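Single-structure report; data block below.
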There are 2 protein chains.
Amino acid sequence: MALIAFLGFSNFAQGQPPRGPIVVSPKVNPDKTVTFSFLAPTATTILLDGNQFGSANVPMTKGENGVWSITVGPVKPDIYPYGFKVDGVTVNDPANTYLFPNERFKGSLVEIPSDSPAIYALQNVPHGSITYEYYPSVEGSTGTVVVYTPAGYSKETAKKYPVYYLISGTTDTEETFWKVGKVHLMLDNMIAHGKAKPMIVVMPYGNPMARIAEQTGKDKPSDVMSRDGEDALKRMKLFETDLITNIIPYVEKNYRVIANRDNRAIGGFSRGGGQTLRAAFNNVDKFAYVCSYASYISPAEMDKSFTNITANPAKTNKDFKLLWSGIGTEDFLYKGTTEWEAYLKDKKINVKTYAIPGGHTWMNVKQYLNETLPILFK
Amino acid sequence: MALIAFLGFSNFAQGQPPRGPIVVSPKVNPDKTVTFSFLAPTATTILLDGNQFGSANVPMTKGENGVWSITVGPVKPDIYPYGFKVDGVTVNDPANTYLFPNERFKGSLVEIPSDSPAIYALQNVPHGSITYEYYPSVEGSTGTVVVYTPAGYSKETAKKYPVYYLISGTTDTEETFWKVGKVHLMLDNMIAHGKAKPMIVVMPYGNPMARIAEQTGKDKPSDVMSRDGEDALKRMKLFETDLITNIIPYVEKNYRVIANRDNRAIGGFSRGGGQTLRAAFNNVDKFAYVCSYASYISPAEMDKSFTNITANPAKTNKDFKLLWSGIGTEDFLYKGTTEWEAYLKDKKINVKTYAIPGGHTWMNVKQYLNETLPILFK
């Protein structure tokens, strides 16, 4: 990057040596209001796009030297995405290093701290590690997977751990569950306080078709799926193949894991929840714990494809030590999810259900993690 | 994030269910031209900001459904940053997951592949791992450091490795040297072909003051430094303190490293080069290999602060098995760097110098890595 050494600006970003003020944004104030600032001398209108904390399309005010700003809130403690709408185009906050990893949008993130540390807060406890690995993936591609190992893992040589395979949603990447979902800090905190079993968490990338396209120069496929179309199912199957034939063997070869179904859990959010349920139902021998975060399978698909699960509920209830489904009451998938839960109960299949306020958001995902991480492998 | 499940768009990004085409950008064509596309129905003017591949401020054309696009090149194979100027405001490419980690700008990156694999290309060789660690840092803050371990590290229990401490530039983060500099892939390739010694690379964050501010709620300091002002030196000293008293002990406690000066190297780019030189000259007992990528210390500061280095050249030449300085002939630090190199030579201090075309860019940094990684610890 063309940086003016020691001056902290790039020719790329500025086209010239630094001019104007250094913007600090976001700034969380003691009263939990948040001040957002954005340097844009040439823009006509700038709106704060913070709909997830009740600040959708709030006009910002242009101040001296072309810095636009707005203070909103107080905001309920959590981690929220936001952006700026520059003349109608949503962009992230150039002054904020904390970005939302995603294929389709580049939102920034702001954390409003709680008075008492949040379940996902960085606390003074022993910390695990986050490791990025390359592995041989489907169709000759090289995959990337992110692995959480609990504190102490690297110092031991014999101890083995159970594994939670955790799949993020449509357009999310292998980075989203730790950089946004904070699963690593939640487990650091829970393990330190004896609330969760020490475990390894494996976070794959849920969209291998896009990666194959990138590596082969093929046209990149749309990552937009119909909810239950052929294309969606075909691509979920490709992910399932990658998980079962590549990712799990790679992890079990390279990490100290207890390689049996009683010590293997699978979960995911949104599309990752759909991939979770299909992978678990197609591979009953592989996973004993199954967590769906804001997802479901339609009764029609259940009847068509998963009679192996419904035909013998006694066996299914014995196979799955946990079948968990969580959803927000304002989630646009609430109706489909509750219908699926009712379908399972009607079939005498034990499903642990959890409904809380909130929508199809990563704020809710952290709540689902908070409910499920403590009951895995127990 | 509010995602329309299986539909791949966010309420945050769109404010509504998906509309319009799915943009694929960038698209590298077989003839090495590159097509950039950006969905912005409401924007008035959009320019491609690709000055590092000769496409500064190239007007894009608005097509159907509000998608702007432009094809440029052919472009010389390398990895380049770019963005879009939306009505004068530089933004990244929302369709591209490959971002430039930085405090002050949010550029996107495009890789133009070579006909024969580049030195930094993902190749079919054994791959090392990239691990993110938390460590106890200065002023009670918790630091983040990124660690490269070579292929096979996790499977061994006894083998120990030399360590290269590698510091990125002003406004870069602990992620920049691997996500942009590709030091991990370069070492994977070099180690596989016997061209570099297997080593661990430790990549700290060079701006602890900003992290302390974030964690304590203090006002975030400007990250803009005068080149040799008191503030710059004070902050470099804070980093040096963190490196010597926190980072090195953490690494030597938690990784299998050979903990002596002959197996410790330090290097950095831009401000990180300045931090490298001062840390090495202030701690001659700690580092035997020193690499400055596009940086220097002024003769005035050398005379004032580093007579310990210049007074006894025979000792200095024995202490440092390598003192390396690389610079681009179009780098705005070329003059200062060559003056410093001449100063050292005049003082009879052995410095290995390397000058190539190019500016203060990460394309050049990869060339400096290519020159220095093979000669470390030999």
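Note that these values count all heavy atoms, side chains included, but never hydrogens, waters or copies made by symmetry. In what follows, chains are A, B, ... by sequence order, proteins preceding strands, each numbered from 1. Only a predicted model underlies this, so the values are computations on that prediction, with no experimental measurement involved.
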Checklist line | Region of B:D93 that comes under 4.5 Å of a non-hydrogen atom in chain A | finding: backbone

Margin query: Under 4.5 Å from any heavy atom of chain A, what part of B:N92 do you find: side chain, backbone, both or neither?
Written below: side chain

Check: Which bit of B:L109 is near chain A, if near means a heavy-atom gap under 4.5 Å: side chain, backbone, both or neither?
Finding: neither

Next item on the list: Examine whether an atom of A:D87 lies under 4.5 Å from a heavy atom of chain B, and if so say whether it belongs to the side chain, the backbone or both; otherwise answer neither.
Entry: both

Note to self: Is it the case that the side chains of A:S129 and B:E133 hold a donor-acceptor pair, with the cut-off being a distance below 3.5 Å and no angle test?
What the structure shows: yes

Next item on the list: Working to the nearest 0.5 Å, report the span between CZ of B:R211 and OG1 of A:T97.
Entry: 11.5 Å

Notebook entry, point to check: Of all of A:Y98, A:Y80, A:W178, which one pairs up most often with chain B through heavy atoms under 4.5 Å apart?
Noted result: A:W178

Note to self: If I compare all heavy atoms of B:L99 with all of A:K106, which pair ends up nearest, and what's the gap?
What the structure shows: CD1-CD, 3.6 Å

Check: For B:E111, is it the side chain, the backbone, both or neither that has a heavy atom under 4.5 Å from a heavy atom of chain A?
Finding: neither

Note to self: Could you walk me through whether B:Q215 and A:L122 satisfy the side chain to side chain contact (heavy atoms under 4.5 Å, CB included) test, starting with their C-alpha distance in whole Å, then the side-chain angles of each, then the deciding distance to 0.1 Å, before giving a yes or no?
What the structure shows: CA-CA 9 Å; B:Q215 293 181 10; A:L122 178 67; 4.1 Å; yes

Next item on the list: Heavy atoms only, distances under 4.5 angstrom: which of A:I130, A:V23, A:D331 has the most pairs with chain B? Name it, please.
Entry: A:I130

Checklist line | Qualifying residues under side-chain hydrogen bond (donor to acceptor under 3.5 Å, both in side chains), relative to A:N29, sequence neighbours excluded | finding: A:T33, A:T35

Check: From B:N96 CG over to A:E214 CD, what is the distance, rounded to the nearest 0.5 angstrom?
Finding: 8.0 Å

Next item on the list: Against chain A, label B:F38 side chain, backbone, both or neither, depending on which of its atoms sit under 4.5 Å from a heavy atom there.
Entry: side chain

Check: Passes side chain to side chain contact (heavy atoms under 4.5 Å, CB included), A:L185 versus B:Y134? Steps please.
Finding: CA-CA 11 Å; A:L185 294 180; B:Y134 292 109; 3.8 Å; yes

Margin query: Checking A:Y153 now: which residues fulfil side-chain hydrogen bond (donor to acceptor under 3.5 Å, both in side chains) with it, not counting sequence neighbours?
Written below: none

Checklist line | Straight-line distance of A:T42 OG1 to B:K85 NZ, nearest 0.5 Å | finding: 9.0 Å

Notebook entry, point to check: How about B:V89 and A:F84: do any of their side-chain heavy atoms sit closer than 4.5 Å?
Noted result: no

